[in-house]
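To start, the structure itself, in structure tokens.
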Amino acid sequence: MSRRRHAVPSPAPPQRVSSAPQSRRILLQGVACVLGAALTAGADPARFQLQVLDPVFIAYQRDVGDIDQDGDMDVVAVQEGQKSLQVFRAPEWTRSTLVTFSGAFPYPRADDLKLADVDGDGDLDLLTRLGPGPSSDDAGVAVWCENLGRGKRFATHRIGTSPAYVKDIVVADFDRDHRPDVALRMDGATQIWIQEKDRKWTEVILTHPSHEGMGAGDLDADGDPDLVMNGFWFRTPDSPAAARMAAKYRRETIDAAWFNQKGDWTANSCKVAVGDFDRDGHQDVALSQSERPGYAVAWYRSTTSRGQGPWTRHDIAVVDYCHTLQAADWDLDGDTDLLVGGMTQSRHRGLKLLLNAGGGTGWTSLVIQTNGSYSAECGDLDGDGDTDIVGIQDWNAAPTYLYRNRVHAPLPSPKTVRRRK
């Protein structure tokens with residue numbers, strides 16, 4: 001998820017299409033039909049069903065969760081340059097404003113946002129980072145928005161000062177006290193905010209190589225989540241007291257090739273996914289280069305059960321500008337698969353599945369669309385037990401779309417991806 005130096009997109013039109021005049025509704029319906037036809041080109045309609053959620057709103061970052069506790073998964077999103085978070089409520093997917101920010105830091109300024117039950121009351125709250133201007137990379141604040149009842153009202157609470165633009169956000173219980181903590185990755189440093197009692201937060205700062213990419217998984221199998229970044233990971237300390245001390249987080253290398261790249265800001269730009277790709281009961285790591293061509297999507301297995309390494313690399317397929325990387329069991333066969341996606345400038349633009357044939361040694365490729373993908377997210381959006389996709393075509397290009405996974409539909413003859421030596 002990259003911080004591009006670009007102009008901020010123009011603000012979206014009024015937020016409820018259903019309240020527009022009849023002529024405008026007809027126009028937008030026509031736009032949706034055209035965009036739907038374009039997005040479907042190159043897709044497998046028997047396996048994935050496209051639905052355009054909004055033809056004009058650019059859901060720059062988004063997350064999936066049941067924000068109103070009605071049993072349906074919703075989509076919460078932000079369009080860059082706006083002061084609000086929007087929600088697409090299932091099943092009608094009508095867009096409306098969820099939270100509007102004000103004051104000295106009114107603009108969401110991060111390449112990520114998260115839904116999580118921060119206060120442990122059983123509903124989902126919001127986590128983001130705010131800045132002073134619509135395109136400012138200056139210091140801001142990390143905040144969480146408390147859900148005060150079925151996604152209708154929210155109260156914004158400050159976590160702490162955020163000194164620089166945030167690339168990635170992870171929510172996990174690092175100190176094992178059953179309260180969610182928050183990790184905010186910047187460029188060469190990551191803030192971990194440990195949640196204390198009475199909604200107070202303790203800051204831990206980890207310094208590390210640039211540039212972006214972060215996930216979490218228990219790589220050393222000790223019962224707590226570890227932070228995984230572009231070619232390295234931090235071993236989380238084993239006690240609550242140590243988890244509040246930066247010096248106790250030990251950095252381990254997976255593969256330096258992902259953090260020793262040279263050149264401009266595109267160097268060391270990664271997507272990170274964690275999953276058990278070889279079904280040995282231990283967490284593995286998948287990495288992609290999100291801002292450059294010529295890199296293979298690769299997964300890594302530690303030769304030891306506690307993640308000490310060395311880590312063995314397994315290349316799957318080259319995907320230029322691979323700005324989408326998600327791990328899930330997409331075909332419900334018990335193996336962890338990968339969703340990959342190239343941006344619009346990629347030779348491999350669009351979305352496709354890399355389906356794990358078992359043990360991570362053989363993969364088949366299933367194309368979903370060939371138009372471009374930017375940071376697609378996933379979740380069971382239609383409640384049928386499989387994983388669906390929500391995303392946009394590019395960082396500055398609508399529509400916001402949903403692809404429904406019809407996992408029980410007949411699969412086409414797959415193209416086999418040979419594992420590179």
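Here the structure is a predicted model, which means the values were calculated and not measured. Residue numbers run from 1 in the order of the sequence given.
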Seminar exercise, completed: So the salt bridge (Lys or Arg N to Asp or Glu O under 4.0 Å) pairs with at least one residue in residues 298-312 (sequence neighbours excluded) are Asp278-Arg301, Asp280-Arg301

Problem set entry | Contact list for residues 61-72, test salt bridge (Lys or Arg N to Asp or Glu O under 4.0 Å), sequence neighbours left out | Asp68-Arg89

Gap between atom [atom2] of [Y] and atom [atom1] of [X] - 0.5 Å precision:
X: Phe234; Y: Met214; atom1: CZ; atom2: CE; answer: 10.5 Å
X: Ser375; Y: Ile392; atom1: OG; atom2: CD1; answer: 7.5 Å
X: Ser373; Y: Gln393; atom1: OG; atom2: CD; answer: 9.5 Å
X: Met343; Y: Asp394; atom1: CE; atom2: CG; answer: 6.5 Å
X: Trp233; Y: Ile254; atom1: CH2; atom2: CD1; answer: 8.0 Å

Does a donor on one side chain sit under 3.5 Å from an acceptor on the other, for [X] and [Y]?
X: Ser290; Y: Ser269; answer: no
X: Asn268; Y: Arg292; answer: no
X: Lys248; Y: Thr236; answer: no
X: Asn371; Y: Arg349; answer: no
X: Trp258; Y: Tyr295; answer: no
X: Thr97; Y: Gln86; answer: yes

Exercise. How are the rings of Phe277 and Trp299 set to each other: parallel, tilted or perpendicular (split at 30° and 60°)?
Worked result: tilted

Sub-4.5 Å side-chain heavy-atom contact between [X] and [Y]:
X: Leu126; Y: Ile67; result: yes
X: Leu351; Y: Val340; result: no
X: Asp112; Y: Val170; result: no
X: Pro108; Y: Thr128; result: yes
X: Val319; Y: Lys352; result: yes
X: Ile194; Y: Phe174; result: yes
X: Ser135; Y: Tyr107; result: no

Problem set entry | Sidechain N-carboxylate O distance under 4.0 Å for Arg150, Asp123 | no

Once side chain to side chain donor-acceptor pair (under 3.5 Å) is applied, do any residues pair with [X], and if so which ones, sequence neighbours excluded?
X: Thr156; result: none
X: Thr161; result: Arg158
X: Glu203; result: Gln191
X: Thr190; result: His208

For this session: May I have the step-by-step check of side chain to side chain donor-acceptor pair (under 3.5 Å) for Asp111 and Tyr165, ending in yes or no?
Result: CA-CA 8 Å; Asp111 278 356; Tyr165 191 89; 2.5 Å; yes

Exercise. What pairs with Ser305 under side chain to side chain contact (heavy atoms under 4.5 Å, CB included), at least two apart in sequence or on another chain?
Worked result: His282

Exercise. Quick one: side chain to side chain contact (heavy atoms under 4.5 Å, CB included) partners of Leu402, sequence neighbours excluded?
Worked result: Gln51, Leu53, Trp93, Leu381, Asp388, Arg404

With sequence neighbours excluded, tell me which residues meet salt bridge (Lys or Arg N to Asp or Glu O under 4.0 Å) with [X].
X: Asp238; result: Arg176
X: Asp121; result: none
X: Asp255; result: Arg313
X: Asp335; result: Arg279

For this session: Could you walk me through whether Lys271 and Glu291 pass salt bridge (charged side-chain N to carboxylate O under 4.0 Å, His left out), step by step?
Result: CA-CA 10 Å; Lys271 289 290 189 177; Glu291 297 289 352; over 6 Å; no

Problem set entry | Heavy-atom closest contact (Leu115 atom, Gly65 atom, distance) | CD1-N, 3.6 Å

Problem set entry | Flag, side chain of Asp329 to backbone of Thr336, donor-acceptor distance under 3.5 Å | no

Exercise. Does the ring centre of Phe232 sit less than 6.0 Å away from the ring centre of Phe259?
Worked result: yes

Problem set entry | Tyr401/Tyr403 aromatic ring centres below 6.0 Å | yes

Exercise. Please walk me through it: do Gln261 and His211 pass side chain to side chain donor-acceptor pair (under 3.5 Å)?
Worked result: CA-CA 10 Å; Gln261 300 162 11; His211 171 61; over 6 Å; no

